[in-house]
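Below is one structure, written out as structure tokens; comments come after it.
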2 protein chains.
Amino acid sequence: MTSLPLSPRETARRRLLDALRREGPMARVEIGQHLGMSPASVSELAATLLDEGVLVAEDSPDQSPGLLRGRPKTRLYFAETLGSVVGVWTGFNRIELRLVDSAGRTRASRHVERPLRNLGGEELMDVLAHTIAAFAEESGARDVKAVGLACQGYVDTRDGIVAWSPVLGTRDLPLAAGLRQRLGKPVLMENDASAMAFAIAQRNADLRSGRTACLMVGDGVGLGFLIQGELYRGARFGGSEFGHVRLRRSGPQCRCGGRGCIEAYLADYALHRDAQLIDHRPAPTLLLPGEEAMGAIVEQARAGDPALVNLFHAAGEVLGDAVGILIQTLEPDHIVICGPGTRAMDLLRPSFEAALESQTIPELRALATIHVVESSMDLLTEGVVMQALRELDLDLARLKAA
Amino acid sequence: MTSLPLSPRETARRRLLDALRREGPMARVEIGQHLGMSPASVSELAATLLDEGVLVAEDSPDQSPGLLRGRPKTRLYFAETLGSVVGVWTGFNRIELRLVDSAGRTRASRHVERPLRNLGGEELMDVLAHTIAAFAEESGARDVKAVGLACQGYVDTRDGIVAWSPVLGTRDLPLAAGLRQRLGKPVLMENDASAMAFAIAQRNADLRSGRTACLMVGDGVGLGFLIQGELYRGARFGGSEFGHVRLRRSGPQCRCGGRGCIEAYLADYALHRDAQLIDHRPAPTLLLPGEEAMGAIVEQARAGDPALVNLFHAAGEVLGDAVGILIQTLEPDHIVICGPGTRAMDLLRPSFEAALESQTIPELRALATIHVVESSMDLLTEGVVMQALRELDLDLARLKAA
DNA sequence: TTGATTTATTCAAGCTGTGAATAAAGTGCA
DNA sequence: TGCACTTTATTCACAGCTTGAATAAATCAA
């Protein structure tokens with residue numbers, strides 16, 4: 001995790017490893033084409049990395065369909081034995097866990113239902129550390145090299161501090177340091193929308209070219225932004241709590257304390273609360289509804305309940321405005337809408353498209369293709385684990401002093 | 001203007017030239033420190049560039065204050081004789097022109113009052129080409145190597161096409177190609193807010209580190225975004241017509257056809273129109289008021305006219321919302337508010353700050369320092385000229401085939 | 001079995017960047 | 001005036017890195 005400058009050869013090694021992480025197993029020729037390196041260079045680098053045991057060569061040639069002439073490619077990939085990584089996502093009342101080996105293969109995963117809201121900082125770190133350690137133990141992982149943690153809020157990725165999070169009562173919680181102390185492993189942190197964006201781009205090469213803005217709608221509304229497949233980093237935080245952009249001067253209450261935020265229309269808690277209000281149910285709450293509760297609301301709206309239809313109509317309009325702002329500000333090549341909120345995309349779409357069209361000129365709108373990705377939340381751990389693996393790869397790229 | 005890949009040495013030459021353009025004349029040691037190059041490398045590169053006549057060494061040692069011991073630095077800079085560049089900005093009824101030599105020194109500048117709105121594409125290109133040629137002629141420039149053109153609207157910088165501009169009736173005007181044909185010189189185009197952002201960062205080294213969002217308020221509202229001093233490029237256009245982000249669902253009319261856009265509150269034409277409406281003057285117009293008219297409105301508001309105070313109050317609030325969105329989306333290190341609109345910053349400030357505070361958490365707001373830069377519009381030509389010079393430097397960085 | 005085809009390796013050569021030694025160009029002071 | 005000192009610039013041999021070309025390897029097709 002040090003940051004000594006890399007020598008030219010180390011940089012080349014890093015680029016090679018990065019390409020393999022991004023694109024998966026590749027033959028030497030393919031690596032060369034990807035990186036604009038000569039076959040000679042790739043061969044030399046690969047030989048060393050194979051020697052060191054960082055990479056392994058594929059046994060079965062596993063020919064791709066098409067012409068089968070010539071010497072078959074032997075693809076290279078990371079060894080599985082370089083140590084594993086645990087990826088964690090903390091939601092309001094749920095912890096997702098995933099164990100992957102150094103080849104990126106998931107070895108175990110599970111989730112724990114556990115309300116995390118309103119825990120104090122120390123208490124939260126105790127719970128998390130205990131949960132992570134127990135998970136690693138149960139999964140028989142003896143070689144955990146790092147922990148990656150995604151959570152909602154403004155996350156200082158460099159120092160591992162959560163400046164503010166809807167989950168936490170505390171501000172400026174040094175979560176990474178606290179967990180590192182308890183677990184004895186380096187802990188890398190990431191905003192959850194960023195982790196999601198990264199994971200989705202990992203699975204779709206298209207999204208790794210140009211600029212990709214990834215709007216995650218669910219518990220809240222987050223934004224992860226990728227430039228050429230790399231997470232955009234702002235002045236301090238990665239990712240954005242984009243949901244707290246205020247789009248309406250006087251709108252429904254948001255859990256940030258303000259009114260008229262994007263979240264206050266689109267997030268699960270907001271839709272659920274407003275649906276309750278319609279039915280004259282007891283005091284509206286900001287607590288997170290479960291998937292069943294949300295599913296019921298969506299079904300009721302699909303069945304034609306006019307008040308609920310209106311709710312989704314307003315939400316779609318806000319979503320359209322939000323995407324319009326992203327297009328006008330970032331001018332991305334791709335917009336991804338993901339997260340549990342996509343469950344109601346059919347209900348949101350008409351007003352979403354109308355709002356988007358009404359505020360962007362066609363030339364601009366045409367630039368961004370809009371992808372709706374029905375991603376499940378366990379992708380989050382995938383994203384953060386990939387980031388942690390890449391961080392560990394940095395050490396692998398370093399040449400041991402002779 | 002070709003884009004052959006540069007060899008390593010050519011890349012080093014390019015970096016050296018770029019550093020000199022950015023930072024101004026520098027001694028070899030300083031260049032080395034800036035670029036992390038060894039003195040030996042700088043010396044070698046500089047010798048070649050001096051040989052080729054691209055750079056010249058300073059005669060007068062011109063010691064900086066402080067210790068005067070040791071061999072004095074001899075600073076290097078671009079020769080003046082490598083050809084000049086004309087920079088142009090087209091406003092609604094004004095053309096700004098600037099001639100600089102290859103050392104970046106302004107040799108002549110002027111502006112022409114000429115309504116450009118509602119001209120057809122061909123006609124506009126004729127007028128511009130004629131104006132530029134006449135200016136170069138008058139200024140005695142025999143060696144114009146390129147023309148840089150900044151204008152409002154969505155500008156495709158790569159192909160030199162104006163997809164949409166408030167100045168133009170036409171869409172997708174191939175302005176660069178048309179001018180190139182008429183003038184026989186390469187023409188580089190840029191969105192005007194981008195040009196302004198670049199020029200301002202050129203004068204303030206702070207703004208060249210990290211991320212800088214530059215909001216230009218004047219005829220319209222544009223956004224130029226810099227990452228590490230380089231202009232951020234979206235999928236197709238540079239810069240953003242950020243003014244057409246819709247912040248109020250039903251607000252005043254904007255010249256884009258919509259309602260409630262940022263511009264419709266903040267731009268000169270909007271303030272002027274609304275001020276007229278208050279006085280029950282004849283039909284409101286979207287034409288651009290002059291500086292005198294705007295000055296009068298501002299003075300009246302400063303004198304306490306309550307309706308006008310309200311107008312600026314509303315505008316400041318919109319500006320605060322706009323900056324809030326920028327902070328939450330881009331998380332910049334610097335925010336620059338510039339352009340003629342800053343003339344009323346004192347009137348805007350209270351509601352600006354209130355709006356900004358009400359929608360960003362303190363941790364986030366604290367990251368971005370806000371600079372109000374009272375820039376005049378002739379900075380625009382400076383920005384676009386610097387960009388054009390850098391483009392020409394690319395050719396100078398190339399080694400002639402032996 | 002031979003030829004064709006594609007992938008991988010080897011090796012010498014060339015380009016680049018660097019450290020160390022050296023030269024250069026001044027100031028400060030006796 | 002001259003010598004010590006300091007900082008800047010250049011030179012040069014050398015090491016690191018990448019590459020092109022030649023060669024080897026592995027397979028299919030006939």
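All figures in this text were calculated on a predicted structure; none of them were measured in a lab. Note on naming: letters A, B, ... go to the chains in the order of the sequence lines (proteins, then strands), and numbering restarts at 1 for each one.
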Phosphate-side-chain proximity, A:Arg9 and D:dC17, N/O vs OP1/OP2 below 4.0 Å: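 The answer is yes; a side-chain N or O of A:Arg9 sits under 4.0 Å from OP1 or OP2.
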Any A:Thr74 side-chain nitrogen or oxygen under 4.0 Å from OP1 or OP2 of C:dT7: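 No, A:Thr74 has no side-chain N/O under 4.0 Å of OP1/OP2 on C:dT7.
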Backbone of B:Ala201 reached by a side-chain donor or acceptor of B:Arg208 within 3.5 Å: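 Confirmed, B:Arg208 side chain pairs with B:Ala201 backbone.
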Nearest-neighbour nucleotide for the B:Arg28 side chain, D:dC17, D:dA26, D:dA9 considered: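 Comparing D:dC17, D:dA26, D:dA9 against the side chain of B:Arg28, the answer is D:dA9.
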Closest nucleotide among D:dT6, D:dA26, C:dA25 to the A:Pro72 side chain: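 Shortest atom-to-atom distance from the side chain points to D:dA26.
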Short N-O contact, B:Glu52 and B:Arg13, less than 4.0 angstrom: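 B:Arg13 and B:Glu52: salt-bridged.
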Pair B:Arg105 + B:Glu80: basic N to acidic O under 4.0 Å: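 Salt bridge between B:Arg105 and B:Glu80, a charged N being under 4.0 Å from a carboxylate O: yes.
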C:dT27 base / B:Arg69 side chain donor-acceptor hit below 3.5 Å: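 No.
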Find the distance [X]:[atom1] to [N]:[atom2] and express it as a whole number of Å.
X	N	atom1	atom2	result
B:Arg71	D:dT8	CZ	C1'	5 Å
B:Leu76	D:dT10	CG	C1'	13 Å
B:Lys73	C:dT27	NZ	C1'	15 Å
A:Leu399	D:dG16	CG	P	11 Å
B:Leu55	D:dA9	CG	P	13 Å
A:Arg13	D:dC17	CZ	P	11 Å
B:Glu58	D:dT8	CD	C1'	14 Å
A:Arg14	D:dC17	CZ	C1'	20 Å

Let me check something: any side-chain donor-acceptor pairs from residues 24-37 of chain B under 3.5 Å, sequence neighbours excluded? List them with distances.
from	atom 1	to	atom 2	distance (Å)
B:Arg28	NH2	B:Thr74	OG1	3.4
B:Glu30	OE1	B:Ala27	N	2.8

Nearest heavy-atom neighbours spanning A:Ser102 and A:Leu82: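 So the two residues come closest at OG-N, 2.9 Å.
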Non-hydrogen atoms of A:Ala79 and A:Val56 that approach each other most closely: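 Closest pair (atom of A:Ala79, atom of A:Val56, distance): CB-CG1, 3.9 Å.
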For DNA chain D, the residues among residues 37-51 of chain B that have a non-hydrogen atom under 4.0 Å from it: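 Listed by number, they are B:Pro39, B:Ala40, B:Ser43.
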Those residues that, when tested against A:Arg390, pass salt bridge (Lys or Arg N to Asp or Glu O under 4.0 Å) (two or more places apart):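 Result, salt bridge (Lys or Arg N to Asp or Glu O under 4.0 Å) vs A:Arg390: A:Asp18, A:Glu230.
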